[in-house]
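Throughout, protein chains are lettered first and strands after them, A, B, ... in sequence-line order, and every chain is numbered starting at 1.
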2 protein chains.
Amino acid sequence: MSTQTPPPDATRDRILYSALRLFAEKGFQSTSVADIQREADVHAGSLYHFFPTKQHLLLAVLAAYRDGIVPMLLEPAWRGVEDPIARIFALLGAYRAALEASACTYGCPIGSLALELHEPDPPVRELLAVNFDGWVRHVEACLDAARDRLPPGLDRHQLAVFTLTTMEGAVMQARTHRSLHTFDASIASLHDYYQRLLATTDKGTTK
Amino acid sequence: MSTQTPPPDATRDRILYSALRLFAEKGFQSTSVADIQREADVHAGSLYHFFPTKQHLLLAVLAAYRDGIVPMLLEPAWRGVEDPIARIFALLGAYRAALEASACTYGCPIGSLALELHEPDPPVRELLAVNFDGWVRHVEACLDAARDRLPPGLDRHQLAVFTLTTMEGAVMQARTHRSLHTFDASIASLHDYYQRLLATTDKGTTK
DNA sequence: CCGAGACTTGAGTGATCGCTCAAGTCTTGT
DNA sequence: ACAAGACTTGAGCGATCACTCAAGTCTCGG
């Protein structure tokens, strides 16, 4: 019952991506539904035809992030980068570039929403967690690919979680200080940790 | 008439700490001035006599955090802990205890506010940054006290920033997952990093 | 005892919020 | 051609928001 013609849900998508952009720029609560209407150039009735409440809009935005992590984030960041460890730091570099391009204003939208919504309804919190888990899973896959260069007993899932932790904490401080200094310091420390982990097994091998 | 000793600003303090508690529990934007009036048991006119706008209230709360970090956070966390490295992880343990006591709801109020307010007015952002800087300075002092157990060329300020980064990122994930698993994983990784740093200089010594 | 300023009371302001809905227009299957 | 549903229009709703203010009460110096 859906249209296979070129514009499948042009209006719906326009609303969705306007909301995505505004939530990332101003936050969820500071974005009014009227803001989204204006940005998407639709009237109230159209918006509420597709999204019965503002929270449904938030859920759709979080689902878009979940589904867009590979094509919108990882593929661009990993283009031309093959080494799995290099890919992890290329991903962190993508966040740095986004911060730099926005004068340390744009950070990780998932992290912002996670801390902004203190008591999110269960489906919202679930989608936030799913987004974090997806990010961690992709980093963990890189670590798995480099498993023979890492210490044998290393908990790679734990290290992937730690990498997300570092990114989120570093982005938070960069936005607060409006400076990349603390971001770079954090990534440098994480990189030093990685180097020490990689050095552990380097001693026996001749690479 | 009830208090014989002149209470300098009993009402003002009651408003201030009601705001502090509510901002930490529900966030800044989700807390209405009416909520604070109710919690502090004052009427609108009294509140606005002391704090001309909601933002002035926020500034006062952030100043209270800045001034309260030693007596309210560090002294309790460090009671009975003398080793400077142990003090750092005791501090992280205090955040873990707060998360555990609140079912992973209460995190770092500064971090929450930092990400909730996307475009904070300059004085607000400044006070957020001051709070971060104070935290880092105290951790850095611990690292300085343990300098002879750390690698010679180590950038201790960078490591202190990285420690805050880890705490903030770990708290964010704990609140999102409503679980301490990712928090513990992050702290464990940070601890492993510290152990590797400490082990570097152990090789030469005979402890 | 008085006056002045500090503080409190509490009804009330306009603005903005998320959301509704009756009345359209457009698209689609038959 | 035509009915039915999908989508759009845009005025308007009640609730809540941060904030105001005139009229108090209280405290204290002189």
Side-chain angles (χ1 to χ4, degrees), chain A residues 1-23 25-62 113 116-121 123-124, chain B residues 1-23 25-62 113 116-121 123-124:
Chain A
M1 292 304 284
S2 61
T3 56
Q4 312 109 321
T5 49
D9 282 313
T11 305
R12 204 193 108 100
D13 284 356
R14 217 167 58 247
I15 296 167
L16 175 60
Y17 289 106
S18 296
L20 185 143
R21 209 191 64 76
L22 287 167
F23 289 168
E25 179 185 317
K26 321 199 316 173
F28 176 70
Q29 314 209 60
S30 295
T31 299
S32 71
V33 178
D35 288 336
I36 300 169
Q37 291 170 34
R38 203 175 308 116
E39 169 109 356
D41 196 31
V42 297
H43 296 265
S46 280
L47 189 148
Y48 283 98
H49 172 76
F50 292 106
F51 304 99
T53 71
K54 194 186 179 188
Q55 188 182 160
H56 282 85
L57 208 30
L58 174 60
L59 289 169
V61 165
L62 290 173
L113 290 169
E116 178 184 351
L117 309 167
H118 284 237
E119 281 164 3
D121 291 67
V124 172
Chain B
M1 286 308 215
S2 53
T3 55
Q4 33 192 325
T5 57
D9 286 312
T11 304
R12 204 193 107 100
D13 284 356
R14 216 167 58 246
I15 296 167
L16 176 59
Y17 288 106
S18 296
L20 185 143
R21 209 190 65 76
L22 287 167
F23 289 168
E25 178 185 317
K26 320 199 315 173
F28 176 71
Q29 315 209 60
S30 295
T31 299
S32 72
V33 178
D35 289 336
I36 300 169
Q37 291 169 34
R38 203 175 307 115
E39 170 109 355
D41 195 31
V42 297
H43 295 266
S46 280
L47 190 149
Y48 282 98
H49 172 74
F50 292 106
F51 304 99
T53 71
K54 194 186 179 187
Q55 188 184 160
H56 282 84
L57 209 30
L58 175 60
L59 289 168
V61 164
L62 290 173
L113 290 169
E116 178 185 350
L117 308 167
H118 283 238
E119 282 164 3
D121 291 68
V124 172

(request) Determine the minimum heavy-atom distance between B:Val124 and B:Gln55, stating which atoms define it. (result) CG2-OE1, 3.4 Å
(request) Mind calculating the distance between NE2 (B:His49) and C1' (D:dC26) to the nearest angstrom? (result) 12 Å
Sequence neighbours excluded and cut-off under 3.5 Å, please list the side-chain donor-acceptor pairs for residues 42-51 of chain B, or say none.
none

(message) Once you apply a heavy-atom cut-off of 4.0 Å, does A:Ser30 come out as touching a base, just sugar-phosphate, or nothing?
(response) nothing
(message) Working note: A:Val33 + A:Leu57, criterion side chain to side chain contact (heavy atoms under 4.5 Å, CB included); need CA distance, chi angles, decisive distance, verdict.
(response) CA-CA 10 Å; A:Val33 178; A:Leu57 208 30; 5.7 Å; no
(request) Starting at atom NZ of A:Lys26, determine the distance to atom C1' of C:dT16, rounded to an integer number of angstrom. (result) 12 Å
(request) To the nearest Å, give me how far apart CZ (A:Phe23) and C1' (C:dG18) are. (result) 12 Å
(message) Under a 3.5 Å distance rule, please check whether B:Glu116 uses its side chain to pair with a backbone N or O of B:Gly27 as donor and acceptor.
(response) no
(request) Can you see which heavy atom on B:Phe23 is nearest to which on A:His118, and at what distance? (result) O-CE1, 4.2 Å
(message) Tell me the interatomic distance from A:Ile36, atom CD1, to C:dC17, atom P, rounded to whole angstroms.
(response) 11 Å
(request) Quickly, which of B:Leu20, B:Leu22, B:Leu16 forms a side chain to side chain contact (heavy atoms under 4.5 Å, CB included) with B:Ile36? Name it, please. (result) B:Leu22
(request) Calculate the interatomic distance between B:Asp121 atom CG and D:dA18 atom C1'; express it in whole Å. (result) 15 Å
(request) Quick one: list whatever passes side chain to side chain contact (heavy atoms under 4.5 Å, CB included) with B:Asp13, sequence neighbours left out. (result) B:Asp9, B:Tyr17
(request) For A:Gln29 and D:dC17, give me the distance from atom CD to atom P, rounded to whole Å. (result) 12 Å
(request) Quickly work out the B:Asp35 CG to D:dC19 P distance and round it to whole Å. (result) 14 Å
(message) So, does A:Thr11 get its side chain near the phosphate of D:dC7, meaning an N or O under 4.0 Å from OP1 or OP2?
(response) no
(request) Could you check how far CG of A:Asp9 sits from P of C:dC26, rounded to whole Å? (result) 19 Å
Scan nucleotides 19-25 of chain C against the protein and return all N/O pairs shorter than 3.5 Å with their distances rounded to 0.1 Å.
residue, atom, partner, partner atom, Å
C:dC19, OP2, A:Lys54, N, 2.7

(request) Answer yes or no: does a side-chain N or O of B:His43 lie under 4.0 Å from OP1 or OP2 of C:dT8? (result) no
